Amino acid sequence: MSVSVDSGDLRAQRMALFAVIITLALATADLIFACTFWHELYGVPPMRLMQGIAAGLLGKRAFLGGASMAALGCLLHYLMMGVMVSTYYLASRRAAALIERPWLYGSLYGAALFVVMNLIVVPLSAAPKTPPVPSWIASSIVVHLVIGLMIALSARGRRRLG
């Protein structure tokens, strides 16, 4: 007995797998950047940083949960990156310009991600409010631009692979 797979289904499966790989790579790189930044400048341990991500959902009690809250924060971080990657990939299927001009639209997407995360998501979250750190803001803008570019370039590369 053989199972036939529609070429459209296969293409969608490949795109989904590619999106997962890009998500894992970008989320890991972003987490390494954040952990390094906060540890080197302020001595914040990586576990505390990941608990801080979980605090967006659970508030201050996330800092009391130990490794389980750090794991939740890590999972949330990867899920958010998955949403970011998937959103661009899905939009690029409808708007060819996102694939044709990845440097422009990837940069704009990265800037939009920064704005959404820092002016909407974080302020509306349960995370404790902290004073702004200018070096973190500047670094975070650059990292979001790079993330947007990597998402756009990977979407373009994926599309070219078929």
Side-chain angles (χ1 to χ4, degrees), residues 15-95 97-98 101-156 158:
M15 188 166 207
L17 178 59
F18 200 74
V20 168
I21 292 167
I22 295 303
T23 296
L24 293 173
L26 289 175
T28 300
D30 186 43
L31 205 51
I32 290 169
F33 160 73
C35 287
T36 302
F37 179 94
W38 289 105
H39 186 266
E40 291 301 314
L41 270 64
Y42 300 99
V44 177
M47 187 163 99
R48 181 91 172 161
L49 180 90
M50 289 182 272
Q51 288 170 331
I53 297 168
L57 184 64
L58 302 173
K60 291 180 182 179
R61 67 184 174 167
F63 296 105
L64 304 173
S68 63
M69 287 298 114
L72 175 62
C74 190
L75 175 66
L76 292 170
H77 179 75
Y78 280 85
L79 289 174
M80 286 184 280
M81 187 64 74
V83 169
M84 293 173 188
V85 170
S86 298
T87 299
Y88 193 93
Y89 276 34
L90 291 172
S92 74
R93 294 179 76 179
R94 298 224 184 261
L98 297 176
R101 300 182 69 194
W103 291 94
L104 171 63
Y105 290 108
S107 298
L108 291 174
Y109 188 61
L113 292 175
F114 175 83
V115 169
V116 168
M117 288 303 299
N118 290 279
L119 299 181
I120 299 171
V121 174
V122 172
L124 291 176
S125 77
K129 307 309 175 221
T130 58
V133 176
S135 59
W136 172 250
I137 294 169
S139 298
S140 189
I141 290 170
V142 171
V143 167
H144 279 84
L145 291 173
V146 169
I147 287 171
L149 280 170
M150 292 299 100
I151 292 170
L153 290 169
S154 69
R156 180 181 188 174
R158 175 62 196 112

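Remember, predicted model here, so these are calculated numbers, not experimental data. In this chain, residues are counted from 1 in sequence order.
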**OP:** Check the side chains of Tyr105 and Ser92 for a donor-acceptor pair under 3.5 angstrom, ignoring hydrogens and angles.
**Re:** no
Original post:
Do any N or O atoms from the side chain of Gln51 and from the backbone of Leu64 form a donor-acceptor pair under 3.5 angstrom?
Top reply: no
Subject >> OH on Tyr88 to CZ on Arg156, rounded to 0.5 Å >> reply: 10.0 Å
Original post:
Just how far is it from atom CD1 of Ile53 to atom CG of Leu79, taken to the nearest 0.5 Å?
Top reply: 11.5 Å
**OP:** Measure across Ser107 and Leu145 and return the closest heavy-atom pair with its distance rounded to 0.1 Å.
**Re:** O-CD2, 3.3 Å
Subject >> Over all atoms of both residues, closest heavy-atom pair of Leu76 and Ala54 >> reply: CD1-CA, 4.0 Å
Original post:
How about Arg48 and Phe63: do any of their side-chain heavy atoms sit closer than 4.5 Å?
Top reply: yes
Original post:
Once you round to the nearest 0.5 Å, how far does CD1 of Ile22 lie from CD1 of Ile147?
Top reply: 12.0 Å
Subject >> side-chain contact (heavy atoms from CB on, under 4.5 Å) between His39 and Val44, worked out >> reply: CA-CA 4 Å; His39 186 266; Val44 177; 5.7 Å; no
Subject >> Heavy-atom closest pair, residues Ser68 and Gly65 >> reply: OG-O, 2.9 Å
Original post:
For Leu149 and Pro102, which heavy atoms make the closest approach, and how far apart are they?
Top reply: CD2-O, 3.8 Å
Original post:
Side-chain contact, heavy-atom cut-off 4.5 Å: Met47 with Met69?
Top reply: no
Subject >> Pairwise distance CG(Leu108) to CH2(Trp103) - rounded to 0.5 angstrom >> reply: 13.5 Å
Original post:
So which heavy atom on Val85 is nearest to which on Ala19, and how close?
Top reply: CG1-O, 3.9 Å
Original post:
Cut-off 3.5 Å, side chains only: do Tyr89 and Ser154 have a donor facing an acceptor?
Top reply: yes
**OP:** Determine whether Pro46 and Trp38 make a side-chain contact, defined as any pair of heavy atoms from C-beta on separated by less than 4.5 Å.
**Re:** no
Original post:
Has the side chain of Arg61 got a donor or acceptor atom that lies under 3.5 Å from a matching backbone atom of Leu58?
Top reply: yes
**OP:** For the pair Ser86 (side chain) and Val83 (backbone), establish whether a donor and an acceptor sit closer than 3.5 Å, ignoring hydrogens and angles.
**Re:** no
Original post:
Looking at side-chain heavy atoms only, is the closest gap between Leu75 and Tyr78 below 4.5 Å?
Top reply: no
Subject >> Step-by-step side-chain contact (heavy atoms from CB on, under 4.5 Å) determination, Cys74 to Leu31 >> reply: CA-CA 8 Å; Cys74 190; Leu31 205 51; 3.9 Å; yes
**OP:** Give a yes or no on whether the backbone of Pro123 and the side-chain of Lys129 come within a donor-acceptor separation of less than 3.5 Å.
**Re:** yes
Subject >> Interatomic spacing from NE2 in His77 to CG in Leu72 - rounded to 0.5 Å >> reply: 13.0 Å
Original post:
Taking the six-membered ring for Trp, are the ring centroids of Phe114 and Trp136 within less than 6.0 Å of each other?
Top reply: no
Subject >> Side-chain touch Met150/Leu26, heavy atoms, less than 4.5 angstrom >> reply: yes
Original post:
What distance do Met117 atom CE and Leu113 atom CG have between them, rounded to the nearest 0.5 Å?
Top reply: 8.5 Å
Original post:
Is any side-chain heavy atom of Pro132 less than 4.5 Å from a side-chain heavy atom of Ile137?
Top reply: yes
Subject >> Side chain to side chain, His144 and Tyr109, heavy atoms closer than 4.5 Å >> reply: no
